[in-house]
Amino acid sequence: MNPLRLSPASLHRALGAWRDTLGGEPLHRELAERLRLLILDGRLPLGARLPSERALAEELGLSRTTVASAYDALRGSGHAASRQGSGTVATLPGPALVPSKPLAEAGLVDLSRASLPASRLVPPALRTAAEELPTFLSGTGYDLRGLPHLRAKIASHYTERGLPTRPEQVMVTLGAQHAIHLLAAALLRPGDRALVEAPTYPHAAEALRLAGARLVTTPVVSTGPSLPDDGVPGPTADGWDAEQFAATLRRATPTLAYLMPVRHNPTGSSMSRATRAAVLAAARDSGTILVIDETTASLDLSGVGPGPAFGDDLDATAAGVVRASETPTNPRGLGRRAAASVVHLGSLGKLFWGGLRVGWIRAEPEIVERCIAARPAHDLGTPVVEQLAAAHLLDAWDEAIAERAEQLRASAFALARLAAEHLPGWVVPPVEGGLAAWAVLPHAASSALAIAAREHGVLIPAGPWFGVDGGAFERFVRIPVTVGLEELERAIPALGAAWAEVSSHLGVGPAGPGRAVELV
């Protein structure tokens with residue numbers, strides 16, 4: 001397979017505002033550090049071919065010597081390699097095919113993932129599944145739809161939340177990320193527009209891009225305190241601007257919109273009923289398919305479930321249950337109202353355990369059939385034993401919500417205490433649900449912080465990782481509350497030390513230039 005070739009313009013966009021992030025360091029070092037960060041947090045795929053020194057120098061307005069020195073520094077640290085016929089490609093240091101040491105063993109705290117360890121409910125469900133497995137061994141084990149009794153339980157889950165659902169409207173997948181890939185393959189053509197929130201779940205945007213979509217965005221903000229005087233958007237009633245969303249749909253007419261309306265990742269915001277109604281109406285008018293990701297919806301510190309399902313108050317016609325013969329068809333063969341369907345994604349990964357690769361798509365049968373038709377190019381079915389375990393875990397959904405609420409509360413309270421002590425000038429909104437706090441920095445240096453934090457033993461993604469271009473969200477950083485208390489006790493003081501170092505390089509105080517410390 002030919003390596004991905006990065007154009008100078010695309011790499012320039014990914015770099016964002018990279019100059020002077022290290023406070024007067026030589027340009028080649030600043031460029032090398034920013035490229036290294038892009039490689040480490042996955043924004044530059046491994047094996048991707050970097051632009052030639054001359055082409056990148058012309059794009060960035062630098063001397064070729066500066067770019068050559070930056071590439072040399074990357075090769076020296078093992079983050080780039082020169083390969084005959086492929087130029088300079090992105091790599092990671094260390095021998096190939098040798099498992100790395102666990103991060104904890106290496107003395108690192110990993111804040112790059114917002115995921116919990118396995119629920120205590122997982123082991124008994126797996127043991128019961130193993131006992132039930134012999135009943136299914138006479139079959140082939142290949143099933144593109146999912147086990148009938150599991151699909152029936154998932155359908156009941158939505159029906160109980162106010163959205164009547166039949167088993168034929170459900171397809172079992174290898175987690176929610178797999179579901180996003182299937183939907184993108186089934187519903188998008190190269191060049192179609194797809195709307196995502198900004199910020200958003202990075203791997204969802206990546207899946208849509210891989211399907212050839214052109215991304216447009218709608219903003220989401222944390223509903224906690226903000227810093228309007230410093231240019232950070234103030235809070236809306238619930239974090240979304242419904243009017244701007246509708247205007248974007250009218251202007252761009254995207255084929256689909258990927259949304260996380262309950263406990264949004266990374267802001268933690270949740271849509272009000274009024275915003276939901278406005279979003280549904282706008283999607284219906286534009287013929288846009290709404291893809292509703294609820295993988296974090298049940299993670300609420302109050303221990304209360306996610307409430308009514310998105311679209312529960314729609315009648316069948318508004319939800320897209322219309323025969324194709326009743327309406328003009330669009331190029332995908334879906335009726336216009338059918339194209340305004342609401343598709344739901346769910347998963348066991350966040351609530352129970354990421355190691356259980358079981359998720360699902362809930363949609364109208366026509367969309368489900370399209371996803372099933374697209375699936376063999378990706379895989380041939382979800383493992384049977386994991387589906388059997390999933391059926392039992394669905395019966396323990398409320399119990400899992402209570403268990404996770406207790407765990408998240410402890411970490412959220414610890415984060416608030418530690419942030420007040422070690423992160424002067426940061427605004428760390430109180431966590432009410434979801435997996436993380438979307439913290440606001442005193443000044444725009446998230447990428448510089450991510451680089452410095454690694455030297456202090458903390459892995460944390462830069463804010464731009466959650467955007468769709470390189471320059472956005474330098475004022476933000478996501479701090480997960482899914483790690484243990486001991487890890488938080490190590491990580492937050494280390495982040496404070498890293499921030500003090502970054503602030504010193506930039507010539508400002510840790511709390512930012514000319515502003516008082518603000519603690520939440």
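At a cut-off of 3.5 Å, with distance as the only test, a side-chain donor of Asp379 or His178 sits close to an acceptor on the other residue. With hydrogens and angles left out, the side-chain atoms of Trp397 and Ser298 include a donor and acceptor closer than 3.5 Å. No side-chain donor-acceptor contact under 3.5 Å links Tyr201 and Asp293. Looking only at atom types and distance, the side chain of Glu403 has a donor-acceptor partner in the side chain of Ser119 under 3.5 Å away. A donor-acceptor contact under 3.5 angstrom links the side chains of Ser447 and Glu474, judged on distance only. Defined by atom type and a distance below 3.5 Å, a donor-acceptor pair is present between the side-chain atoms of Thr275 and Asp238. When only modelled atom types and interatomic distance are considered, His344 and Gln169 share no side-chain donor-acceptor pair under 3.5 Å.
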Test Thr296 against Val262 for side-chain contact (heavy atoms from CB on, under 4.5 Å), laying out the working first. CA-CA 7 Å; Thr296 57; Val262 185; over 6 Å; no
Any chance you could lay out the side-chain contact (heavy atoms from CB on, under 4.5 Å) test for Thr173 and Val358, step after step, and finish with the verdict? CA-CA 6 Å; Thr173 66; Val358 178; over 6 Å; no
Is there a side-chain contact (heavy atoms from CB on, under 4.5 Å) between Val458 and Leu108? Walk through the geometry before answering. CA-CA 6 Å; Val458 178; Leu108 299 173; over 6 Å; no
Could you go through the side-chain hydrogen bond (donor to acceptor under 3.5 Å, both in side chains) check for Thr165 and Arg362 one step at a time? CA-CA 8 Å; Thr165 303; Arg362 186 271 178 207; 2.9 Å; yes
Report the C-alpha distance between Glu294 and Lys350 in whole Å, list the side-chain angles of each, state the deciding distance to 0.1 Å, and finish with yes or no for salt bridge (charged side-chain N to carboxylate O under 4.0 Å, His left out). CA-CA 10 Å; Glu294 292 190 321; Lys350 298 302 184 185; over 6 Å; no
Verify side-chain hydrogen bond (donor to acceptor under 3.5 Å, both in side chains) between Glu132 and His392, making sure each step is shown before the conclusion. CA-CA 11 Å; Glu132 295 172 342; His392 292 285; 2.9 Å; yes
Between Lys153 and Asp395, is the salt bridge (charged side-chain N to carboxylate O under 4.0 Å, His left out) condition met? List the steps. CA-CA 8 Å; Lys153 287 196 174 188; Asp395 292 335; 2.6 Å; yes
Evaluate Ile292 against Leu345 for side-chain contact (heavy atoms from CB on, under 4.5 Å), listing each step before the verdict. CA-CA 6 Å; Ile292 304 300; Leu345 306 182; over 6 Å; no
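Once rounded to the nearest 0.5 Å, the distance linking CD1 of Ile401 with CG of Leu408 reads 11.5 Å. Separating the OG1 atom in Thr255 from the CG atom in Leu187 is a distance of 8.5 Å, to the nearest 0.5 Å. Atom CG of Leu256 and atom CD1 of Ile289 lie 6.0 Å apart (nearest 0.5 Å). Here the CD atom belonging to Glu487 is positioned 9.0 Å from the OG atom belonging to Ser411, to the nearest 0.5 angstrom. With rounding to the nearest 0.5 angstrom, the OG1 atom of Thr253 is 11.0 Å from the CG atom of Leu195. To the nearest 0.5 Å, atoms CZ (Phe352) and CZ (Arg120) are separated by 10.5 Å.
In this structure, Trp360 and His157 have perpendicular ring planes: the angle between them is above 60°, well past the 30° mark.
No side-chain heavy atom of Pro480 sits less than 4.5 Å from a side-chain heavy atom of Leu435. For the pair Leu259 and Val291, the minimum side-chain heavy-atom distance is 4.5 Å or more. For the pair Leu183 and Cys371, the minimum side-chain heavy-atom distance is below 4.5 Å. Using a 4.5 Å heavy-atom cutoff, the side chains of Val384 and Leu133 are in contact. Looking at heavy atoms from C-beta onward, Arg263 lies out of side-chain contact with Ser269 at the 4.5 angstrom threshold. In this structure, Leu351 and Leu299 have side chains that are in contact, with non-hydrogen atoms separated by less than 4.5 Å. At least one side-chain heavy atom of Leu418 sits under 4.5 Å from a side-chain heavy atom of Leu488. Using a 4.5 Å heavy-atom threshold, the side chains of Pro383 and Leu174 count as touching.
With hydrogens and angles ignored, the 3.5 Å screen pairs a side-chain donor or acceptor of Arg478 with a backbone N or O of Ser112. Although no hydrogens or angles enter the test, the distance criterion places a donor-acceptor pair under 3.5 Å between the side chain of Glu386 and the main chain of Arg357. In terms of modelled atom types and a separation under 3.5 Å, the side chain of Glu168 and the main chain of Pro365 share no donor-acceptor contact. Remark: the backbone N or O of Gly146 is paired with a side-chain donor or acceptor of Arg151 at under 3.5 angstrom. At distances below 3.5 Å, at least one donor-acceptor pair connects side-chain atoms of Thr128 with backbone N or O atoms of Pro124. Using a distance-only test at 3.5 Å, with no hydrogens or angles considered, a donor-acceptor pair links the side chain of Arg161 to the main chain of Gly307.
Between Arg404 and Glu399 there is no salt bridge, since no side-chain nitrogen of the basic residue lies less than 4.0 Å from a carboxylate oxygen of the acidic one. Here Arg214 does not pair with Asp192 in a salt bridge; the nearest charged N to carboxylate O distance is not below 4.0 Å. Ionic pairing of Arg370 and Glu364 is not present here: no N-O contact between side-chain nitrogen and carboxylate oxygen is shorter than 4.0 angstrom. Taking a cutoff of 4.0 Å between a charged side-chain nitrogen and a carboxylate oxygen, Glu369 and Arg145 qualify as a salt bridge.
No option in Val483, Leu485, Val428 other than Val428 meets the side chain to side chain contact (heavy atoms under 4.5 Å, CB included) test with Leu415.
With sequence neighbours excluded, no residue forms a side-chain hydrogen bond (donor to acceptor under 3.5 Å, both in side chains) with Glu486. With sequence neighbours excluded, the residues forming a ring-ring contact (aromatic ring centres under 6.0 Å, His included) with Phe466 are Trp438, listed by chain and number. Annotation: side-chain hydrogen bond (donor to acceptor under 3.5 Å, both in side chains) contacts of Trp353 (sequence neighbours excluded): none.
Closest approach of Ala184 and Ala207 over heavy atoms only: CB-O, 4.1 Å. Nearest heavy atom pair, residue Leu188 against residue Arg193, reads CD2-O, 4.4 Å. Here the shortest heavy-atom pairing between Pro254 and Leu249 reads CG-CD2, 3.4 Å. Contact between Ile492 and Ala419 at its shortest, heavy atoms only, is CG2-N, 4.1 Å. Closest of all the heavy-atom pairs between Gly381 and Leu144 is N-CD2, 4.4 Å. Summarising the geometry of Phe310 relative to Pro261, their closest heavy-atom pair is CD1-CG, 3.7 Å, with the distance given to 0.1 Å.
Within 6.0 Å of CZ in Arg113 there are 12 or fewer heavy atoms belonging to other residues, nucleotides or ligands. By the neighbour-count criterion of 12 heavy atoms within 6.0 Å, atom CD of Glu406 is sparsely surrounded, having that number or fewer from other residues, nucleotides or ligands.
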